[in-house]
*Asks:* 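Please find one structure pasted underneath; my questions will follow.
Order of listing sets the numbers, starting from 1, for every ligand and every atom in it.
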Amino acid sequence: MKIAMIGTGYVGLVSGACFAEFGVSVVCIDKDRNKISDLKKGKIPIYEKNLEEIVKKNAENGRLSFSTDYKENIPAADIVFIAVGTPSRHGDGYADLSYVYSAAKEIAENLKGYTVIVDKSTVPVGTARKVKRIIKETNPDADFDVASNPEFLREGSAINDFVRPDRVVLGVETKRAEKLLKELYRPLYIRETPMVITDLESAELIKYASNSFLAVKISFINEIANLCERTGGNIKDISTGMGLDKRIGSKFLHAGPGYGGSCFPKDVSALVKTFHDNGMTGRIVESVIQVNNSQKSKMVAKIELALGGSVYNKKIAVLGLTFKPETDDMRDAPSLTIIPALVSNGALVYAADPEGMEEAAKVLKGVSYENDPYKVCENADGIVLITEWNEYRALNLKKLKKVMKGDVFIDLRNIYSHEIMKNAGFRYFCVGTPEKTQEWD
Ligand code: NAD
């Protein structure tokens, strides 16, 4: 079997490499010439654990190749995946589908023999049908089916998620397409991974509903955390107590600075737009966006209060910039809201991140970067931990306290405790415990 993966970003590259690992012949196609040229030299454009080894191994054994050329590669493909970006359209919150449609058109121009064209990108309900129309209009003689196979991998554990998913969702219209896709996913089928076979619309909606539901959990626990700060109660204990209920589950119940990343913000917004386009209001998802935006702003206020009411001329050391650990992805990271607000209020921001500094430097201006967490904290008035990298979970707190000027540690991920921090000489602020509120009072 031969497959082509259009778009060689987080999803396309990981999926392409993993399919090659399954034994399939894969060509990853991207419009970005530099990316393809780097990949041909074995240079991986993103940080993702174990990806480099898998890419290298499969490129060497000839199962994985890279190209910018549709014409050369699409005719031979049995299955073509569309894994291009679907970012938020500027200003209005709709998913920008221009990359998907342009890929569909170029695929259509080069089809030869029966081919299944699969949306792997996260796309609003109805997109697969639109892709089908584009292909038919561009190439009326084409022999093809469309399918929807949304991807659920998480950056930071993408390879593991891809090869050990909770489920594979296949939205199909014909038995022929279903058979081919099941054949491709056979290695997972053998491992008894549940396969959810649906129509196109259900598959598209499963992805949006899943991401939005996880965003609901995060915003819900953040609201309870904010309540705790007023009423007393410890959000970590509350999350544990709630999460042990199997109907609720413990995942995505961690209070923090609000969700970010390449998926949740844009996907929740796009779902809101889908409700609107259908004459409805998605009241829960609309609230989720409001709660999340206000959570990020609250973090700025929290930092200012912890530093005595103003950050003007204060040196703030930030630990962690990426939207979550184990990725270099800065898209919609909470740091992108928090840090510019601090800078514009006169703070002198110094930041560290194990993998994200290069990406961060492209989008966060007025910040000094320094990789070593102890160096970045030298003479700082306060430390703000934004991303819970493992490197920051076991810091030498005595050493940290010694190098800084002030004594404020603001932990936006609740990875330390009041007791530990107090013993190390810090005034400790986190999310969702009353002690912090008392500090402010
Ligand atoms: P990305 O921005 O990292 O990569 C997209 C790639 O597509 C880029 O390299 C771009 O150059 C390429 N591209 C754009 N138009 C093209 C075209 N016409 N032909 C060939 N290449 C083209 O995006 P991503 O993070 O991999 O996300 C891809 C899709 O998968 C999105 O819809 C996203 O919502 C979804 N998704 C992402 C994740 C994630 O964790 N990143 C997880 C699940 C689903």
*Asks:* Present, as a list of atom pairs with distances to 0.1 Å, all nitrogen or oxygen contacts under 3.5 Å between ligand 1 and the protein.
*Replies:*
{"residue": "ligand 1", "atom": "2 (O)", "partner": "Arg331", "partner atom": "NH1", "Å": "3.3"}
{"residue": "ligand 1", "atom": "3 (O)", "partner": "Tyr10", "partner atom": "N", "Å": "3.4"}
{"residue": "ligand 1", "atom": "9 (O)", "partner": "Asp30", "partner atom": "OD1", "Å": "3.4"}
{"residue": "ligand 1", "atom": "9 (O)", "partner": "Asp30", "partner atom": "OD2", "Å": "2.6"}
{"residue": "ligand 1", "atom": "9 (O)", "partner": "Lys35", "partner atom": "NZ", "Å": "2.6"}
{"residue": "ligand 1", "atom": "11 (O)", "partner": "Asp30", "partner atom": "OD1", "Å": "2.6"}
{"residue": "ligand 1", "atom": "18 (N)", "partner": "Tyr70", "partner atom": "OH", "Å": "3.4"}
{"residue": "ligand 1", "atom": "19 (N)", "partner": "Tyr70", "partner atom": "OH", "Å": "2.6"}
{"residue": "ligand 1", "atom": "21 (N)", "partner": "Lys31", "partner atom": "N", "Å": "3.3"}
{"residue": "ligand 1", "atom": "25 (O)", "partner": "Arg331", "partner atom": "NH2", "Å": "2.9"}
{"residue": "ligand 1", "atom": "26 (O)", "partner": "Tyr10", "partner atom": "N", "Å": "3.0"}
{"residue": "ligand 1", "atom": "26 (O)", "partner": "Val11", "partner atom": "N", "Å": "2.8"}
{"residue": "ligand 1", "atom": "32 (O)", "partner": "Thr86", "partner atom": "OG1", "Å": "2.5"}
{"residue": "ligand 1", "atom": "32 (O)", "partner": "Thr122", "partner atom": "N", "Å": "2.9"}
{"residue": "ligand 1", "atom": "34 (O)", "partner": "Thr122", "partner atom": "OG1", "Å": "3.4"}
{"residue": "ligand 1", "atom": "34 (O)", "partner": "Lys266", "partner atom": "NZ", "Å": "2.6"}
{"residue": "ligand 1", "atom": "40 (O)", "partner": "Glu155", "partner atom": "OE2", "Å": "3.4"}
{"residue": "ligand 1", "atom": "41 (N)", "partner": "Glu155", "partner atom": "OE2", "Å": "2.8"}
{"residue": "ligand 1", "atom": "41 (N)", "partner": "Ser262", "partner atom": "OG", "Å": "3.3"}

*Asks:* Classify the ring geometry between Trp389 and Tyr47 as parallel (under 30°), tilted (30 to 60°) or perpendicular (over 60°).
*Replies:*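 Tilted: the ring planes of Trp389 and Tyr47 meet at 30° to 60°.
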*Asks:* Output side-chain donor-acceptor pairs under 3.5 Å for residues 15-24, partner residues at least two apart or in another chain, one line each.
*Replies:*
{"residue": "Ser15", "atom": "OG", "partner": "Val11", "partner atom": "O", "Å": "2.6"}
{"residue": "Glu21", "atom": "OE1", "partner": "Lys57", "partner atom": "NZ", "Å": "3.3"}
{"residue": "Glu21", "atom": "OE1", "partner": "Asn58", "partner atom": "ND2", "Å": "2.8"}
{"residue": "Glu21", "atom": "OE2", "partner": "Lys57", "partner atom": "NZ", "Å": "2.8"}

*Asks:* Salt-bridge test for Arg129 and Glu201: reply yes if a basic N is under 4.0 Å from a carboxylate O, no otherwise.
*Replies:*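 Salt bridge between Arg129 and Glu201, a charged N being under 4.0 Å from a carboxylate O: yes.
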*Asks:* Evaluate the side-chain proximity of Thr122 to Lys266: yes if any heavy-atom separation is below 4.5 Å, no if none is.
*Replies:*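 Sidechains of Thr122 and Lys266: in contact.
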*Asks:* From Asp145 CG over to Glu178 CD, what is the distance, rounded to the nearest 0.5 angstrom?
*Replies:* 11.0 Å
*Asks:* Would you give the length of the straight line joining atom CD1 of Ile36 to atom SG of Cys28, rounded to the nearest 0.5 angstrom?
*Replies:* 7.0 Å
